[in-house]
Amino acid sequence: MNPDDRTTHGNESERKGCERVRSRLDELIEGDLGALEAARDRGHLEACAGCAREHQAGLAWLAALQSGLEPGADELAFARDGLGARLTL
């Protein structure tokens with residue numbers, strides 16, 4: 001994650017919202033969350049610029065993959081940063 005994308009929140013609840021959304025961003029993008037969970041995460045995206053940027057980059061990455069276009073720098077960063085978190089040894 002780019003340090004500039006980190007959101008500085010004033011309270012623990014907002015920080016936990018970022019952690020929650022970012023940990024399941026793939027599921028949100030792919031439509032794998034339930035309606036209530038997706039609505040909760042979308043509400044966070046409306047209030048958090050850093051998480052919203054990551055969400056937009058993920059949507060662009062998915063669209064590029066689906067259309068066969070080469071992804072741009074933001075989309076590649078999304079894939080690179082998220083890939084390490086998804087790999088387990």
Side-chain angles (χ1 to χ4, degrees):
M1 173 185 356
N2 181 339
D4 294 334
D5 288 342
R6 294 173 199 232
T7 304
T8 305
H9 291 299
N11 66 51
E12 176 118 2
S13 175
E14 291 171 337
R15 283 189 296 277
K16 286 185 178 186
C18 288
E19 292 172 11
R20 181 193 72 245
V21 168
R22 291 179 181 194
S23 72
R24 59 188 195 183
L25 199 53
D26 290 341
E27 291 94 341
L28 179 63
I29 290 167
E30 295 171 5
D32 292 337
L33 292 178
L36 183 59
E37 293 166 324
R40 183 178 183 195
D41 287 359
R42 284 191 191 101
H44 177 80
L45 293 175
E46 289 178 13
C48 178
C51 288
R53 275 191 299 276
E54 286 195 31
H55 181 251
Q56 288 302 314
L59 289 173
W61 172 257
L62 182 61
L65 288 176
Q66 291 173 338
S67 69
L69 296 176
E70 187 171 324
D74 287 343
E75 294 82 18
L76 290 173
F78 172 81
R80 181 197 65 236
D81 294 345
L83 184 60
R86 292 188 287 272
L87 293 177
T88 57
L89 301 176

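E19 CD to H44 NE2: the interatomic distance, rounded to the nearest 0.5 Å, is 10.0 Å. E54 contributes atom CD, which lies 9.0 Å from atom SG of C18 (distance to the nearest 0.5 angstrom). Expressed to the nearest 0.5 Å, how far CZ of R22 lies from CG of L25 amounts to 8.5 Å. Note that CG of L28 is 7.5 Å distant from CG of L59, once rounded to the nearest 0.5 Å.
Counting only residues at least two apart or on different chains, the side chain to side chain donor-acceptor pair (under 3.5 Å) pairs with a member in residues 32-42 are R20-D41, R24-D41.
Of all heavy-atom pairs spanning G58 and I29, the tightest one is CA-CD1, 3.5 Å.
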